[in-house]
Amino acid sequence: MKKLSTKIWILIVAYLGLTIAFMYVFADFLYEQLYVEDTKESMIEIGEKLQSMYRGGKVTDEYVESVENINTYSNFNVFAVRNPRELSACVPFEIDYNALIGPDERRILLKGEAVSKIGYEERFQRQVVSVIMPLTDQERLEGIIYIYYPLAKITELAKLEVLTFIGGAILFALILAIFVYKSLQRIMRPLNDLQFAVEQISEGDYGTRVKVVSKDEIGKLSEAFNNMAEAIQREDENQKTFLATVSHELRTPISYIKGYSEAIQNRYVEGKERDEAMNLILREASRMERLTNELLQLVRKESQNIELVPIVLSETIREAVKLLESIAREKNISIQLSLDENIIVQGDEEKLKQIFINVIENAIRYSNKDCNITVRSELSKSDAIIEIQDYGIGIPAEDLPHVTERFFRVNKARSRFDGGAGLGLSIVEKLVKQHNGSLSIESKVGEGTLVTITIPILEE
Ligand code: ADP
């Protein structure tokens with residue numbers, strides 16, 4: 001397989017060769033054309049002079065002689081004859097009289113005009129130009145002047161010049177070919193680098209980057225490649241962190257469960273302590289169950305394209321609240337609803353419910369006992385606005401931008417006790433996005449948190 005640069009190079013050199021060949025042929029043609037024209041003109045000029053010496057009447061022997069005298073000092077061969085048929089006697093080659101002066105030519109001659117011919121002559125092995133000039137008296141052809149000249153070939157005309165021309169052309173082509181080859185190598189180098197870098201990436205070396213040396217298509221390609229490599233590297237790192245976090249989150253409950261069940265099995269704990277150990281095992285198992293459920297949600301919703309259908313918003317919110325009533329009651333928290341019953345949104349029932357469960361559960365979990373929580377819904381233009389307000393512990397300002405990140409918890413130690421793995425809000429954010437909505441959180445430490453969710457309504 002040939003390299004791309006070699007292919008382009010061959011193409012350019014081939015075009016170059018063709019161009020030079022064409023130029024050569026064209027120059028040859030042009031030169032010959034000019035030379036022939038020039039010769040013909042000089043012949044006619046001489047012919048006209050001789051014509052003017054003719055005084056009319058019969059063509060005299062003196063006239064014929066004086067015309068033939070020209071031959072001594074002219075390059076051309078000049079003859080005057082009374083009868084065109086006598087011509088063949090004067091020239092050293094065959095003349096086909098009928099072809100030379102046919103009816104058409106005769107007409108032109110009778111008008112007093114010159115006839116010129118060009119043809120290859122075997123005897124001279126070259127082209128012969130001939131001009132016939134009439135000698136007319138009162139519309140009668142009294143005789144003709146015949147001038148001919150064997151043309152030189154272009155190679156004879158300018159032997160040295162032609163050689164220089166060909167030599168120059170070859171040298172020029174050679175220099176250009178080398179130059180083109182070098183330039184192509186320079187242009188292609190980034191492509192080679194790119195190929196190497198792609199191989200590195202496919203071998204798992206995501207840190208590979210290429211140098212961007214130009215602003216052309218290849219430069220843009222290199223830039224795009226670097227961006228892609230960075231994205232892959234980031235994704236790879238994310239995945240590693242995600243796996244590490246998941247393993248870490250699972251390790252703690254597993255070690256708890258292992259430790260307590262071993263203690264029970266070996267009868268290190270008895271009676272009340274044993275019951276406590278059993279409770280702990282149950283709690284940690286529930287935590288793992290919840291974590292795996294959340295992980296499943298995270299994975300599932302990323303790979304699924306959800307179908308949105310009309311849903312009565314207030315009903316979905318009520319269902320979510322109902323599921324959370326028991327944990328709210330444990331902390332003596334009352335959830336107050338102020339819902340617009342007419343709002344119908346475009347949504348997926350289960351996912352919409354999950355959004356409200358996660359947010360309201362947070363509100364309960366991060367509120368102190370005997371608090372209120374309000375859930376409001378209202379219409380604003382083509383959006384449904386849902387606000388979940390609690391008067392709980394709040395989120396520190398510096399943590400607020402991070403609460404929707406995976407596994408982010410404001411207070412790691414406290415949250416572990418409360419049971420969250422820091423996935424709830426990241427799930428909410430993704431689900432809201434799937435509903436073409438938006439999520440915003442405002443909070444003040446010690447005062448409470450307001451979560452605002454916006455979801456487009458069903459437009460008629
Ligand atoms: P988790 O499942 O641990 O609750 P989330 O993603 O739902 O995780 O929330 C991330 C963190 O944001 C929580 O650990 C918590 O510290 C904080 N947070 C979320 N909601 C509230 C709230 N209503 N009040 C106070 N802090 C909150």
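Each ligand, and each atom within it, is numbered from 1 in the order the structure gives.
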Quick one: does [X] get an N or O within less than 3.5 Å of an N or O on ligand 1?
| X | value |
| --- | --- |
| Ser426 | no |
| Asn362 | yes |
| Ile393 | no |

Heavy atoms only, cut-off 4.0 Å: how does [X] contact ligand 1, side chain, backbone, both, or neither?
| X | answer |
| --- | --- |
| Arg290 | side chain |
| Thr404 | neither |
| Ala421 | backbone |
| Thr449 | side chain |

Do Asp340 and Ser377 have side-chain N/O donor and acceptor atoms under 3.5 Å apart?
no
Is there a donor-acceptor contact under 3.5 Å linking the side chains of Gln354 and Asn358?
yes
Distance under 4.0 Å to a non-hydrogen atom of [X]: what atoms of ligand 1 satisfy this?
| X | result |
| --- | --- |
| Leu423 | 2 (O), 6 (O), 8 (O) |
| Arg365 | 1 (P), 2 (O), 4 (O) |
| Val403 | 6 (O), 10 (C), 12 (O) |

Output for pair (Asp275 CG, Leu280 CG), nearest 0.5 Å, gives 11.5 Å
When rounded to the nearest 0.5 angstrom, what distance separates CG in Leu34 from CD in Glu37?
8.0 Å
side-chain hydrogen bond (donor to acceptor under 3.5 Å, both in side chains) with Asp236: which residues, sequence neighbours excluded?
Lys240
Taking only residues two or more places apart in sequence or in another chain, which ones pass salt bridge (charged side-chain N to carboxylate O under 4.0 Å, His left out) with Arg107?
Asp104
Residue of the set Arg409, Arg287, Arg290 for which salt bridge (charged side-chain N to carboxylate O under 4.0 Å, His left out) holds with Glu249
Arg409
Looking only at heavy atoms of Asn358, does any of them come nearer than 4.0 Å to an atom of ligand 1?
no
Does Gly392 have a non-hydrogen atom less than 4.0 Å from ligand 1?
no
I'd like to know if the side chain of His435 reaches the main chain of Leu308, judged simply by a donor and an acceptor atom lying under 3.5 Å from each other, with no hydrogens or angles considered.
no
Out of Leu450, Ile441, Leu425, Val410, who is nearest to atom 17 (C) of ligand 1 when you count heavy atoms only?
Val410
Once the angle between the rings of Trp9 and Tyr181 is folded into 0 to 90°, is it parallel (under 30°), tilted (30 to 60°) or perpendicular (over 60°)?
perpendicular
